[in-house]
Amino acid sequence: MKDVFKPNGLGIKRIFKATYCSYLGFKAAFIEEAAFRQELLLSIILLPISFWLATSVLHWALLVSTLLIILIVELLNSAIEALTDRVSTERHVLSGRAKDMGSAAVTLSLMILTIVWGASLYLKLFQ
């Protein structure tokens, strides 16, 4: 098979490069995005509470997964906003739509957290 040039390398070198790129993404989100910092703070606050709230390891994994989902969706939303602004900062219906849809995705992820954590809290307090 013909060798293909891979700008990020191959094998273990690619894993290290991808890890470094992820670090840069987390760093940029933390520095540039207030919403990411707020959701990260929420996750840091709720993580210790998850140990008290969970009734099993699987339940704990579900609670923590909702925190990760919020951070993932916020990172994707921030990427959409950055790319949209990179293309043009002028107001355009499609740019606005892309940003609004990213925001809606964040809202849905927060709704998932509210449902799962709310149901868990209800079960913990009233059963």
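All values reported here derive from a predicted model rather than from experimental measurement. By convention here, the first residue in the shown sequence is residue 1.
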Subject >> Greater than 12 external heavy atoms within 6.0 Å of K13's NZ >> reply: no

Original post:
Do you know which two heavy atoms are closest between I80 and A98, and how far apart they sit?
Top reply: CG2-O, 3.8 Å

**OP:** Please check if L121 and I49 belong to a single hydrophobic cluster, counting links between Ile, Leu, Val, Met, Phe, Trp and Tyr side chain heavy atoms closer than 4.5 Å.
**Re:** yes

Subject >> Transitive ILVMFWY side-chain link V73 to V116, under 4.5 Å >> reply: yes

Original post:
When rounded to the nearest 0.5 angstrom, what is the spacing between CG in L46 and CH2 in W117?
Top reply: 4.5 Å

Original post:
Rounded to the nearest 0.5 Å, what separation is found between the CG atom of D100 and the OG atom of S95?
Top reply: 10.5 Å

Original post:
With a 4.5 Å heavy-atom cut-off, do K99 and D85 have their side chains touching?
Top reply: yes

**OP:** Report, as yes or no, whether the 6.0 Å neighbourhood of atom CG on L94 holds more than 12 heavy atoms from other residues, nucleotides or ligands.
**Re:** yes

**OP:** Applying ring pair (Phe, Tyr, Trp, His ring centres under 6.0 Å), name anything that partners F126, two or more places apart in sequence or on another chain.
**Re:** Y122

Original post:
How many angstroms lie between CG in L68 and OG in S109, if you round to the nearest 0.5 Å?
Top reply: 11.5 Å

Original post:
With sequence neighbours left out, what residues match T55 under side chain to side chain donor-acceptor pair (under 3.5 Å)?
Top reply: H59

Subject >> L53 reachable from L110 in the ILVMFWY side-chain graph, under 4.5 Å edges >> reply: yes

Subject >> Value rounded to 0.5 Å, distance of CD1 in I72 from CG in L67 >> reply: 11.0 Å

Subject >> Nearest non-hydrogen partners of S103 and N77, listed with the distance >> reply: N-OD1, 3.3 Å

Original post:
Roughly how far apart are S120 OG and L125 CG, rounded to 0.5 Å?
Top reply: 10.5 Å

Original post:
Applying the 4.5 Å side-chain criterion to the ILVMFWY set and letting contacts propagate, would L40 and F26 be lumped into a single cluster?
Top reply: yes

**OP:** Compare all side-chain heavy atoms of V106 with those of E39 and state whether any distance is below 4.5 angstrom.
**Re:** yes

Subject >> Non-hydrogen side-chain atoms of L47 and S50 separated by less than 4.5 Å >> reply: yes

**OP:** Using a cut-off of 6.0 Å, state whether more than 12 heavy atoms not belonging to R14 lie near its atom CZ.
**Re:** no

Original post:
Pairs in or reaching into residues 36-57: which pass ring-ring contact (aromatic ring centres under 6.0 Å, His included), with residues at least two apart or in two chains?
Top reply: F51-W60

**OP:** Taking all heavy atoms of A29 and all of L75, pick out the closest pair and write down the distance.
**Re:** CB-CD2, 3.5 Å

**OP:** Please check if L71 and L63 belong to a single hydrophobic cluster, counting links between Ile, Leu, Val, Met, Phe, Trp and Tyr side chain heavy atoms closer than 4.5 Å.
**Re:** no

Original post:
Once you round to the nearest 0.5 Å, how far does CD of E81 lie from OG1 of T84?
Top reply: 7.5 Å

